Amino acid sequence: MKKLFSISAALLLAGASLFAQDRSKVLKIYNWSDYIDEEILKEFPVWYKEQTGEDIEIVYQLFDINEVMLAKIEKGKADFDVVCPSDYMIERMLNHGLLLPINKDFGDTPSYLDNVSPFFRDAFKNKLKAPAGVDVNDYAVGYMWGTTGFLYNTKYVKPEEVSTWGAILNPRFENKIFMKDAPRDVYSPLLIYIHPEVTNLDSLMFSTSDEDIAAVEKILVDAKPNIAGWEADFGKEMMTQEKAWLNWTWSGDAAWAMQEAADVNVELDYIVPEEGSTYWFDGWVIPKYAQNIKAASYFINYMCQSEMAIRNMDATGYVSVIGTPEVLESVQESAIENGFTQTYDVSYLFGEDGKEVIVDPVYYPSQEIMDRCALEHDADEDTIKLLKMWQRVKGDNLSTPIIIIIVLVVLAIVFFAVKSVGKKGKNAKKTKK
Ligand code: N2P
């Protein structure tokens, strides 16, 4: 697995474009951090020129969570051309008129959009809430997908201890857990945890009742002594460096961390707790204030090629939604190379060819795991209730050592300031004499 895309490289790309005047020659991409093979970005202008005869320069910016991205577009009216929100956020943006249709006319260039597995095209069409008569596939094309679960260090944590989301309350894990700083991806699994009686997870995913929010808030507040921090992308490093035992995370971060950890003889594993969880997907969309729909649409098409899917998976640890035989062959090869021997049924994604194949089960959850996972949905006007709860929970999450360091630093600053004022006073008196 390659090292991940560095922010400095991203800024360089952005910086180089600051002087670009002609907007038709600029493509502004807004993506999650650690979520692409940087070479693929660099190669896009060459490919675009070959396909269209036109020059393009990429401005690439990163976000950590869906809500930050939304604020930038909804409130800030930022003119990004292509953005990568998650399922529930695609719903939100579509239903609030924040998306433009993808232009699927690529001239002589083949369309690769149908490389997206029918599993996801069906989910876009039938599972996401959209205005009447609208097919979400006209506005969004899948990119990566996965589940939410626990990444854990097998030296300190037994699998049975993390077979439940209640693990975050285990007093043995004091200050040892990093939580994903993604309100929906924590709220929804906890919703499943507090409702063992509910069998239809799909409908549960819409619940934002005051009682449910309060119950989730109580669990999170009770878990705070165990929470060492909130992270959107650095939890995987905390785990490989053994600075935490447990990380509430996405399967892609887990896969990346497990491979990196193996190189330094740290054994990490990933589990989707018994109660069930969420599976999620992210997709490319063109936001309302985009100014280069043509290049954005070509970029989305470019990303759907099997080759790009394979390279992006290799660089990030995340799993592409592309369901072609080339991708299946590649994931089987790397699973075998990495020592996996067990076969799984992943026909839900690859069709009949995926009936009995050797794959990494963190990458491709078994049908049994998929059966206890559900897709999240936008909470619409109740989102604010959820986010307020999140802020209350996180609000003062400074651990005691950090508070002590802050107090010591402030005291030191005050001490030196007072000392230097005193010295100046003495010097001034000396000069007068
Ligand atoms: C990668 C972000 C993955 C987003 N840093 C999962 N929805």
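Indexing begins at 1, ligand by ligand and atom by atom, following the structure's order. Along the sequence shown, residues are numbered consecutively beginning with 1. All values reported here derive from a predicted model rather than from experimental measurement.
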Notebook entry, point to check: How about Lys129: does its NZ atom have over 12 heavy atoms from other parts shown lying under 6.0 Å from it?
Noted result: yes

Notebook entry, point to check: Counting each atom of ligand 1 from 1 as listed, which ones have a heavy atom of Ser86 under 4.0 Å away?
Noted result: 7 (N)

Next item on the list: Determine whether the side chain, the backbone, both or neither of Asp282 has a heavy atom under 4.0 Å from any heavy atom of ligand 1.
Entry: side chain

Check: Short N/O distance, under 3.5 Å, between Ser33 and ligand 1?
Finding: yes

Checklist line | Steps toward salt bridge (Lys or Arg N to Asp or Glu O under 4.0 Å) verdict (Asp87, Lys127) | finding: CA-CA 9 Å; Asp87 34 50; Lys127 294 219 167 193; over 6 Å; no

Note to self: Looking at Asp212 and Lys385, is there a salt bridge between them, counting it only when a charged N and a carboxylate O are closer than 4.0 Å?
What the structure shows: no

Notebook entry, point to check: Would you say the side chain of Trp165 lies within less than 4.5 Å of the side chain of Ser277, judging by non-hydrogen atoms?
Noted result: yes

Next item on the list: For atom 3 (C) of ligand 1, state which one of Trp280, Tyr318, Phe234 supplies the nearest heavy atom.
Entry: Tyr318

